[in-house]
Amino acid sequence: MSTDELTDAIVAGTVTISGHGGDQIEAYLARPVDQASRGGVVVIHHMPGYDAATKEIVRRFAVEGYHAICPNLYSREAPGADPDDAAATVRAAGGVPDERLVGDVAGASAHLKGLPGANGKIGVIGYCSGGRHTFLAACSLPVNAAVDCYGAFVVEDPPEGMPKAMQPILHLAPKLSAPLLGLFGVDDKFPSPDSVAALDAELTRLDKAHEFHSYDGAGHAFFSVDRPAYRPEAAVDGWRKILAFFGTNLSA
Amino acid sequence: MCTYLTEKITVDGSGKGSTGWFGASEATVYVDHPVHAQYGHTVNIDVLNPALGPSARVALELTEETALALADAIRRAISSAPEGLASKHQ
């Protein structure tokens with residue numbers, strides 16, 4: 001066999017997809033080259049934006065055998081901008097509206113389902129503000145699995161003066177359409193262990209399938225490999241749990 | 001933006017960002033995760049002109065001690081110059 005023949009190749013790059021309102025938005029797509037039957041994963045980026053670390057996460061899911069995509073939630077306000085400039089622009093404008101987020105995730109999901117080999121199953125995962133967005137998306141759209149990584153302001157009221165875009169959404173829990181995996185750090189303040197426990201209790205009360213893990217010695221952003229918050233032990237175990245969860249829920 | 005209040009004010013002057021000098025119109029100050037500074041949270045200061053696009057931005061990420069020290073230094077510099085020298089109505 002020629003050494004040029006890669007048997008587990010992926011392809012990754014920037015695409016344009018149809019998002020909320022039919023808007024053409026930028027997204028980063030990564031998928032195995034072959035056309036075997038695969039589930040899809042929508043990655044919702046954190047507030048600092050559609051950045052290099054987030055794109056690495058998208059590629060990781062492709063390496064693990066999924067079609068993966070991350071819509072650029074700041075595509076309308078800041079097309080082509082540096083991610084931190086885009087984040088500052090959107091922050092100053094009040095944040096991403098919830099309705100628009102849901103529409104963009106719906107568009108990303110539809111794009112994945114249209115890929116050759118797509119088995120029709122969709123998982124959603126988000127980090128930080130993306131965790132809250134994942135919960136929102138899973139309560140608003142039909143998905144097959146949702147992973148909330150340290151999403152704040154699902155339960156608790158944000159501090160006074162936060163933009164209107166970040167209101168609690170616990171009241172949406174009855175509409176959760178998929179099993180939810182929640183990964184949190186015990187040292188995190190937003191969400192605090194009390195907020196995590198409150199969400200856990202409410203999902204139990206509603207008989208919604210969910211599995212929460214809170215890591216000792218970890219706080220917010222423990223998956224972030226480019227920040228002091230990185231906690232390798234929690235992140236490695238977290239990834240293992242995410243892949244097992246998606247393996248169970250996104251297979252044909 | 002996982003955390004705190006964003007203070008926003010109008011500013012009058014210019015800033016130098018990644019693409020050069022621009023006329024600044026507003027500044028935002030917020031405590032949040034930094035992009036570059038090696039801390040979990042910093043005091044983040046952006047001087048912007050949204051009308052000119054996202055790259056018209058001067059960004060700072062400082063610890064709270066040095067952000068306050070900067071605020072004090074601003075006051076000291078102004079008070080040591082002739083009154084009104086740098087005023088809008090100079």
Side-chain angles (χ1 to χ4, degrees), chain A residues 46-49 51-53 74-96 127-133 149-154 156 158-163 165-166 185 187-191 218-222 224 226-231, chain B residues 1-68 70-71:
Chain A
H46 57 173
M47 178 63 190
D51 55 17
Y74 306 152
S75 197
R76 297 164 183 82
E77 288 92 352
D82 286 346
D84 57 300
D85 288 341
T89 294
V90 174
R91 185 193 189 96
V96 172
Y127 305 79
C128 184
S129 57
R132 176 183 173 280
H133 285 153
C149 300
Y150 33 78
F153 312 133
V154 174
E156 67 274 31
E160 190 192 306
M162 281 288 284
M166 280 287 180
D187 299 340
D188 201 346
K189 305 273 188 305
F190 294 95
H220 201 73
F222 67 77
S224 290
D226 56 349
R227 289 171 186 267
Y230 183 49
R231 294 293 178 269
Chain B
M1 191 213 294
C2 320
T3 45
Y4 309 107
L5 175 67
T6 299
E7 294 285 340
K8 189 154 108 169
I9 61 166
T10 304
V11 297
D12 185 352
S14 295
K16 190 174 186 191
S18 61
T19 52
W21 285 102
F22 63 91
S25 63
E26 58 185 64
T28 58
V29 184
Y30 48 104
V31 175
D32 206 332
H33 308 301
V35 172
H36 185 276
Q38 289 300 300
Y39 292 97
H41 288 85
T42 44
V43 178
N44 301 339
I45 303 167
D46 293 333
V47 176
L48 316 154
N49 188 334
L52 299 177
S55 304
R57 171 180 174 236
V58 183
L60 294 176
E61 299 175 335
L62 303 173
T63 61
E64 55 187 51
E65 294 86 354
T66 57
L68 291 170
L70 177 62

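Here is the naming used below: chain letters follow the sequence lines, and residue numbers restart at 1 for every chain.
Of all residues in residues 51-60 of chain B, those placing a non-hydrogen atom less than 4.5 angstrom from a non-hydrogen atom of chain A are B:Pro54, B:Ser55, B:Arg57.
Counted by atom type alone, A:Arg91 and B:Thr6 present one or more donor-acceptor pairs between their side chains at under 3.5 Å.
Of the atoms belonging to A:Ala78, heavy atoms from both backbone and side chain fall under 4.5 Å from chain B.
Centroid-to-centroid, the aromatic rings of B:His33 and A:His46 stay 6.0 Å apart or farther.
Note on A:Ala88, A:Pro83, A:Gly80: by heavy-atom pairs under 4.5 Å with chain B, the leading option is A:Ala88.
No option in B:Asn44, B:Val35, B:Asp46 other than B:Val35 meets the side-chain contact (heavy atoms from CB on, under 4.5 Å) test with A:Asp84.
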